*Asks:* 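Structure incoming, see below.
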Amino acid sequence: MSATPDPPGDRDPLVVAAEAAVMRSLVDPDHALQAGRFVLAAARRARHPEAEAVALRAIALAARELGDLRSAEHHLREAIATEDAPPERVAQARLSLVSVRTERGHPRQALHVAALAWSHLSPLDRAKLDTQRAVALARLGRHQEAIAACDRALRVLVTAPGTIDDRRFLAGGLLNRGLVHSYRGHWDAAMRDLTACLEISQRSGLRHLARLSAANLPFLAVRRGDIAGAFKHYREAEDTLFGFPERLATMRADFAGALLAAHLPGEARAMLSLAVPDLEASGAHVALAEARLKLAQVELLTGDPHRARQVAEQAAAELAAQDRTSWLPLANEVVLRARLALEPVTPALVAELVACADELEDDAAHLEGAAALRLVAAEAALALDDHPTASAQLARLTEHAEREEPWAPVGTRLTSLAAEPARTPDIPVPVRQHALALEASLQEDATGAFRAVRTGLSEVSERVETFDDPSLRAHAARAGERLAAFGLGLAVRGGCAREVFEFAERWRAVAAPSHACSPATPDRVRAGLGSGALVEFVADEDALLAVVITGERLALRRVGEVRAVKEAIVRLRYALRRRSAAPRRDPEVCDVGNVEAAGLEVERLLLRPLLAELGDGPLVMVPVGALHTLPWGALPCLRERPVTVTASAAAWVHAREVALSGRGGPPVVVAAAGPALAHAHAEVANVLACHPDGREVPGRTKAVLEALEAADVLHLAAHGVFHARSPLVSGITMEDGSLMAYDLLDIPRSPGLVVLSACNSGMSRAPVEGAPLGLPGAFLAKGSSCVVAGLVPVRDEAARALMSMFHELVATGLPPDAALASAAAKTGETGFACFGAGSRPLY
């Protein structure tokens, strides 16, 4: 295709037909494939090398659009090898081969192909070539050169004659530059380019480019903190890319990378599990290597260092084969972190960690990762008592830190004459403050260490509060998790219960500000406890401890080992599941004895050291780790005792205040039954019979969401599904689909009491302590003061019996926590728990 084509009437019809097929490949690849083959056959019969080369290029472009990269490369190489083909036609085939070769895992060779094409192309075609070179440069990590190539190309293309091919490359150049901007974290610039690409593509009928541009919107939405919007864009892009598996897989892998950066490894894994097989099948080796690297990072974050190391080593081999050396430190970092989790620390491993941090530091895009790894290296060196190495690494992280002046009374401070100290913005605040805390701790300066921790957590908190999505908030808080653990460890070693409570609550408030709202002091907690007690569990490395608050006492107690308690909870949950799966409630068949024994074992490990201090009033439990999955009612010592589970002491205080501010008069009760449950409608009828003016709504998501706006009590009798890896995708099964926790993020209000008569509906996963993600947390964050939900599978008839009894007791004036405890004791169904604050009667 020359820059100044001859008038159509003077040109060879075979060449015109072949060029039409090239143009057609952009808007209708299936049709272009057929047309290209037809012209190719005719050109070969006529021995017309120019038409033959152009037709082969048309077939290749169509195949590329349809995701068949192997076929695309095969036909482009045929075009290049066409005997007697004009040099400019061969150069145009090379132009198209650049992106194909890049995506097939050979970006450096792609640049060589581009160099061969350059001298035979017109100025306009050189601009088009630059848009393709940018892709190869970006894949090699040469982002600045990629941006320059796109800028150079766009200056020419914006004034081009305006053929569909010109507009295609104009839109493509904007798309490629937008992607490079996103790699560099320049989100506004990326959004401007992608939006412009989308507009030009839609106006020109370039549906493929429009799809590709739209497919990157979820990636950008995540990076901007809009998780709910990202999934909306994703579903739209998934529909538009259906039938183009390689494009769809690439989009999913990119989206996974953004989810991973947003600390959503479960969601990222779900995307990668869909993307990797399709990338393998299509031969998209560049995207495949990147997807494997992301998968390795996911495996590490989700606690499987064996698998993380294996996948990272595979990704490293693939990246090395593609000459993508700038990516190798990223893969090596995963391998080293995995080794650190699997092997004893050695001087050699410390040296490798330091070397990898140095390599990461060479790339401006990886400075934050380098700082985090350097801190890990310092801690590993300390484990070997290698203080010189540790101090050297810590000094690299703190040398530019702004140290706080010693505290002085107001009015006594002097103006500093010193120049404003330099800061290093590339070292994340939690990492820098953690390094400062470690340095202070090594100098036995406990005050300085605590100050550094508090400063770091305050800055993390400011960042967390910029997000609306609770999942994103919780995962963003993970940036301060290790710093918080360090501060908690300092407090535990100090042995002061008040200080441990303050640090535990401070961290839980950072992780979930919507639950905690304002800090809770022991005195604020006591004001609402009455004769009850609050137990806040904390984990200090392998040790489980509890802060106990009663009307008379504030105490710190060591409970046991985290692992032993976790294993005992697993056995209890297994026993409860077996009992639920039994065909009928027969003591021998239903393993009642096993449930009792397993409950006693958890009780022995977890509560026996505390029982003497807990009195006999209601209990408020603040879980940690595996305790979020504990059905507390199955512990024999808690039988018939009201127990409320809450994310933090502050969350309980807040929920209690919400409950107390509720309106007077009989509550408005709404109930709905889900599908495929034999007793659901009977259960709903029983529930409504307990409450005057209660009403049933259809078991459909829209009706239930509408009911949330007016009801004081919502009861759902339906199946429940909990997704541990993506807890906000957990939901209640309605007739028209699932009512997910994500669906609750946009509701204006939530009833004071929500009862989920469904298996596992009370399950949560806490990416960080204080932020349990799942249905109870979603309802509580939207204004509910109490949620009653199941923590294990429950048989249909057992749920009906328990819930009927529960509502009867609530209607007599018992508060929800006491009603649940009493109903569980009477029916023997102990798999439900009361979340939030359940001590206020509804009548």
Side-chain angles (χ1 to χ4, degrees), residues 22 25-26 29 33 36 56-81 90-117 128-142 145-146 149 169 172 175-176 179-180 183 208-209 212 215 241 244-254 257 272 275-295 314-328 331:
V22 169
S25 68
L26 310 177
L33 201 60
L56 284 165
R57 183 176 175 229
I59 294 170
L61 290 174
R64 197 269 168 273
E65 294 301 322
L66 294 170
D68 189 350
L69 294 173
R70 293 185 185 88
S71 175
E73 179 164 352
H74 170 75
H75 286 95
L76 287 170
R77 289 194 178 283
E78 272 198 285
I80 293 167
V90 173
Q92 287 168 350
R94 287 195 168 109
L95 185 162
S96 299
L97 183 59
V98 172
S99 64
V100 174
R101 199 72 188 129
T102 299
E103 298 309 323
R104 295 209 67 198
H106 306 282
R108 200 173 296 281
Q109 292 178 15
L111 292 177
H112 178 65
V113 172
L116 293 175
K128 295 172 182 176
L129 179 66
D130 257 338
T131 67
Q132 306 304 290
R133 288 182 67 250
V135 178
L137 290 166
R139 295 300 194 184
L140 290 167
R142 294 159 62 177
E145 294 173 71
F169 276 96
L175 174 65
N176 294 341
L179 294 177
V180 180
Y183 290 148
H208 264 62
L209 277 171
L212 290 178
L241 291 174
F244 305 95
E246 180 260 339
R247 301 288 199 191
L248 181 58
T250 301
M251 183 272 284
R252 284 170 169 160
D254 288 343
L272 291 169
V276 168
D278 283 340
L279 291 173
E280 286 176 330
S282 62
H285 299 299
V286 161
L288 179 60
E290 293 175 20
R292 283 203 216 283
L293 177 56
K294 291 165 193 162
L295 188 58
Q314 185 179 3
E318 292 172 349
L319 290 165
Q322 296 169 14
D323 296 324
R324 301 171 70 188
T325 53
S326 66
W327 290 70
L328 292 179

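No experiment lies behind these values; they were computed from the predicted model shown.
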*Asks:* Give me the atom names and distance for the closest heavy-atom approach of Ala253 to Leu279.
*Replies:* CB-CD1, 4.3 Å

*Asks:* Would you give the length of the straight line joining atom CD of Glu73 to atom CZ of Arg70, rounded to the nearest 0.5 angstrom?
*Replies:* 10.5 Å

*Asks:* What residues, two or more places apart in sequence or in another chain, satisfy side-chain hydrogen bond (donor to acceptor under 3.5 Å, both in side chains) together with His112?
*Replies:* none

*Asks:* For Val180, give me all partners under side-chain contact (heavy atoms from CB on, under 4.5 Å), at least two apart in sequence or on another chain.
*Replies:* Ala138, His143, Ala146, Ile147, Arg184

*Asks:* Between Ala289 and Leu319, which heavy-atom pair has the shortest distance, and what is it?
*Replies:* CB-CD2, 3.9 Å

*Asks:* Can you list everything that forms a side-chain hydrogen bond (donor to acceptor under 3.5 Å, both in side chains) with Asp130? Sequence neighbours excluded, please.
*Replies:* Arg133, Arg152

*Asks:* Going by side-chain contact (heavy atoms from CB on, under 4.5 Å), name the residues that satisfy it together with Glu145, two or more places apart in sequence or in a different chain.
*Replies:* Leu137, Arg142

*Asks:* Using the side chain to side chain contact (heavy atoms under 4.5 Å, CB included) definition, which of the options Asn176, Leu129, Thr131 pairs with Phe169?
*Replies:* Thr131

*Asks:* Looking at every heavy atom in both Leu293 and Ala331, which two are closest together, and how far apart are they?
*Replies:* CD1-CA, 3.6 Å

*Asks:* Tabulate below the donor-acceptor pairs under 3.5 Å that side-chain atoms of residues 58-69 make, not counting sequence neighbours, or state none.
*Replies:*
unit_1	atom_1	unit_2	atom_2	d
Arg64	NH1	Glu246	OE1	3.2
Glu65	OE1	Arg247	NH2	3.3
Asp68	OD1	Ser71	N	3.2

*Asks:* Whether the side chain of Arg108 engages the backbone of Asp323 through a donor-acceptor N/O pair (distance < 3.5 Å, no angle test) should be reported.
*Replies:* yes

*Asks:* How many angstroms lie between atom CG of Leu76 and atom OG of Ser99, to the nearest 0.5 angstrom?
*Replies:* 8.0 Å

*Asks:* Taking all heavy atoms of Thr250 and all of Ala287, pick out the closest pair and write down the distance.
*Replies:* OG1-CB, 4.2 Å

*Asks:* Roughly how far, to the nearest 0.5 Å, is CG of Leu111 from CZ of Arg139?
*Replies:* 13.0 Å

*Asks:* How long is the straight-line distance from CG of Leu97 back to OG1 of Thr102, given to the nearest 0.5 Å?
*Replies:* 8.5 Å

*Asks:* Minimum heavy-atom separation for Ala249 to Ala275, with atom names?
*Replies:* O-CB, 3.3 Å

*Asks:* Which residues pass the side-chain hydrogen bond (donor to acceptor under 3.5 Å, both in side chains) test with Gln322, sequence neighbours left out?
*Replies:* Arg324

*Asks:* Kindly give the heavy-atom pair with the smallest separation between Arg94 and Ala117, and that separation in Å.
*Replies:* CB-CB, 3.7 Å

*Asks:* How long is the straight-line distance from NE2 of His285 back to CD of Glu103, given to the nearest 0.5 Å?
*Replies:* 11.0 Å

*Asks:* Measure the spacing between CD1 of Ile80 and NE2 of His75 and express it to the nearest 0.5 Å.
*Replies:* 13.0 Å

*Asks:* Could you walk me through whether Gln132 and Val100 pass the side-chain contact (heavy atoms from CB on, under 4.5 Å) check?
*Replies:* CA-CA 9 Å; Gln132 306 304 290; Val100 174; over 6 Å; no

